Amino acid sequence: MTMVIGLTGGIGSGKTTVANLFADYHIDIIDADIVAREVVAPGSAGLKAIEDKLGSDILLTDGNLDRSKLRAAIFSDNTLKDWLNGLLHPMIREKMQADIQQATSPYCLLVVPLMVENNLQAMTDRLLVVDVDEQTQIARTTQRDGVDAEQVKSILAAQASRQERLDAADDIINNNNDGAQLSSQVATLHQQYLAMCQQQPS
Ligand code: ATP
């Protein structure tokens, strides 16, 4: 089976930027954020279960899930939040596993922002962490999303710490510097991963 490289990092660390660099080498990317949308797409079992639980008011007029309404509903209701996580997390894991089976590149990348928090490293053969210092992380996220630093700090506080992620890492990309340094780190890792999958029993 295809070797699975897990890719994670805190908010605004550069996961998408790094994943795009691997995609330039034609590596298949499985992105948990995209999968999380697919399992509640119109016509899905996930959306049907949510509609059965919360009524059709939870849908937009075009049939898509009204995410902001759902966010508001779970914000003040932990039981509902647990129910939703219990419903969707297994669906997301199954879909990611199915997508891994479909991968055709020598190895694939499984991008999961909350990999360490949700202990999903078990789905991967190696864990690659994109590491940045907090100041850079806050500066890039505020600039990208047009939000204030306090908002980013509160998200940071709810995520695994930088050290917890580094402790779980097999490989680390340092993204404190410019894009050129990022590209050369990805180029080196790509060669290492190719060599590793050639050594793997097929
Ligand atoms: P999130 O978890 O919030 O989805 P992410 O980890 O996917 O974020 P990116 O969106 O890739 O992070 O990067 C965050 C922002 O920082 C983007 O605007 C991106 O263009 C910028 N960025 C990433 N790496 C660098 C770099 N080396 N130099 C300058 N800007 C960068």
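The structure displayed is predicted, hence computed values, not measured ones. In listed order, ligands and their atoms are each counted from 1.
Checking only distances, Gly14 does come within under 3.5 Å of ligand 1, N or O to N or O.
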Q: Starting from the C-alpha separation in whole Å, work towards a yes-or-no answer on side chain to side chain contact (heavy atoms under 4.5 Å, CB included) for Asp31 and Val112.
A: CA-CA 6 Å; Asp31 184 325; Val112 185; over 6 Å; no
Q. Please walk me through it: do Asn64 and Leu59 pass side chain to side chain contact (heavy atoms under 4.5 Å, CB included)?
A. CA-CA 6 Å; Asn64 275 290; Leu59 303 182; over 6 Å; no
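Judged by distance alone, the side chains of Asp171 and Tyr193 do bring a donor and an acceptor atom under 3.5 Å apart. Between Asp167 and Gln163, the side chains place a donor N or O and an acceptor N or O closer than 3.5 Å (distance only, hydrogens not considered).
For atom 3 (O) of ligand 1, the nearest protein heavy atom (residue, atom name, distance) is Arg144 NH2, 2.7 Å. If you check which protein heavy atom lies closest to atom 2 (O) of ligand 1, you get Lys15 NZ, 2.6 Å. Among all protein heavy atoms, the one lying closest to atom 21 (C) of ligand 1 is Arg140 CD, 4.0 Å. Among protein heavy atoms, atom 7 (O) of ligand 1 sits closest to Thr16 OG1, 2.7 Å.
Atom CD of Glu38 is surrounded by more than 12 heavy atoms from other residues, nucleotides or ligands within 6.0 Å. Dense packing is recorded around CZ of Arg162, with more than 12 heavy atoms of other residues, nucleotides or ligands lying under 6.0 Å away. Annotation: Gln101, atom CD; neighbour count of heavy atoms from other residues, nucleotides and ligands within 6.0 Å is above 12.
Residue Asp178 approaches ligand 1 through these ligand atoms, each under 4.0 Å from one of its heavy atoms: 27 (N). Every atom of ligand 1 is numbered from 1 in the order shown, and the set under 4.0 Å from a heavy atom of Thr17 is 9 (P), 11 (O), 13 (O), 19 (C), 23 (C). For ligand 1, the atoms lying closer than 4.0 Å to a non-hydrogen atom of Asn175 are 23 (C), 24 (N), 25 (C), 26 (C), 27 (N).
Residue Asn177 places a heavy atom under 4.0 Å from ligand 1. Within the 4.0 Å heavy-atom shell around ligand 1 one does not find Ala19. Residue-ligand proximity: Ser13 is placed with a non-hydrogen atom under 4.0 Å from ligand 1. At least one heavy atom of Gly12 sits closer than 4.0 Å to an atom of ligand 1.
Nearest heavy atoms, Leu65 versus Leu60: O-CD1, 3.7 Å.
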